[in-house]
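Computation of the quantities below employed the complete heavy-atom set of this structure, encompassing side-chain atoms and omitting hydrogens, waters and symmetry-equivalent molecules.
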Amino acid sequence: MIENVFNTYNVGEDDEEESGDAELDTDEFLEFIYVSLIENGFRKYDTFKGMQTDPNFKQCFDDFDDDGSGSVSKDELKDFIRTIPGLLS
């Protein structure tokens with residue numbers, strides 16, 4: 001599951017980031033969350049920008065970003081997902 005998330009969303013679209021690096025930046029993480037919410041029937045946001053500006057997203061990102069680096073590593077994502085029973089069985 002973790003590898004799938006990184007293979008799908010870790011795209012390195014800006015000039016300073018390489019595709020496939022070890023962490024999801026804020027935009028990559030936002031896209032992962034946005035698509036995950038839609039796939040699971042929780043479409044609270046009409047637009048990507050609407051979610052990006054929601055203060056709850058900042059809190060969600062901070063919950064994943066254990067070390068405060070401004071990006072989410074595979075280990076941080078794995079740690080968070082482990083808190084959801086049955087997801088990484």
Side-chain angles (χ1 to χ4, degrees):
M1 176 180 194
I2 302 299
E3 288 301 321
N4 186 40
V5 169
F6 272 74
N7 290 338
T8 303
Y9 299 101
N10 191 6
V11 295
E13 291 180 351
D14 65 39
D15 293 335
E16 297 177 17
E17 180 185 0
E18 292 183 32
S19 177
D21 64 359
E23 300 188 336
L24 296 177
D25 64 26
T26 308
D27 290 336
E28 293 165 340
F29 180 77
L30 177 65
E31 184 176 354
F32 159 62
I33 295 298
Y34 186 71
V35 171
S36 296
L37 288 173
I38 290 170
E39 287 176 349
N40 290 292
F42 300 106
R43 188 170 173 114
K44 176 180 174 185
Y45 304 98
D46 291 330
T47 65
F48 191 73
K49 185 71 173 171
M51 182 175 170
Q52 191 174 27
T53 58
D54 186 327
N56 291 321
F57 169 72
K58 170 75 171 120
Q59 182 59 52
C60 179
F61 185 83
D62 290 346
D63 288 345
F64 277 82
D65 183 17
D66 294 334
D67 64 4
S69 67
S71 59
V72 176
S73 70
K74 289 179 183 179
D75 287 338
E76 289 171 325
L77 183 58
K78 194 180 301 182
D79 287 346
F80 185 84
I81 289 175
R82 281 186 179 138
T83 67
I84 303 169
L87 198 55
L88 281 181
S89 48

Value rounded to 0.5 Å, distance of [atom1] in [X] from [atom2] in [Y]:
{"X": "Thr26", "Y": "Lys58", "atom1": "OG1", "atom2": "NZ", "result": "8.0 Å"}
{"X": "Phe6", "Y": "Glu23", "atom1": "CZ", "atom2": "CD", "result": "7.5 Å"}
{"X": "Lys49", "Y": "Thr53", "atom1": "NZ", "atom2": "OG1", "result": "6.5 Å"}
{"X": "Asp63", "Y": "Asn56", "atom1": "CG", "atom2": "CG", "result": "10.5 Å"}

**Message:** So, using side-chain hydrogen bond (donor to acceptor under 3.5 Å, both in side chains) as the criterion, who are the partners of Ser69 when residues are at least two apart?
**Reply:** Asp65, Asp67, Ser71

**Request:** Please list, chain by chain and in numerical order, all residues satisfying side-chain hydrogen bond (donor to acceptor under 3.5 Å, both in side chains) with Asp27, sequence neighbours excluded.
**Result:** Gln52

**Complete:** Across all chains, not counting sequence neighbours, the ring pair (Phe, Tyr, Trp, His ring centres under 6.0 Å) partners of Phe64 are Phe29, Phe80

**Prompt:** Salt bridge between Glu3 and Lys74, side-chain N to carboxylate O under 4.0 Å?
**Reply:** yes

**Message:** What verdict does the side-chain contact (heavy atoms from CB on, under 4.5 Å) test give for Leu24 and Val5, after you've listed the backbone C-alpha separation in whole Å, the side-chain angles of each residue and the deciding distance to 0.1 Å?
**Reply:** CA-CA 9 Å; Leu24 296 177; Val5 169; 4.0 Å; yes

**Asked** Looking only at heavy atoms, which two atoms of Asp66 and Glu76 are closest? And how far apart?
**Response** N-OE2, 3.0 Å

**Message:** What I'd like to find out is whether the side chain of Val72 reaches to under 4.5 Å of the side chain of Phe32, using heavy atoms alone.
**Reply:** no

**Message:** If you define the side chain from C-beta out and look only at heavy atoms, does anything of Ile33 sit under 4.5 Å from Phe61?
**Reply:** no

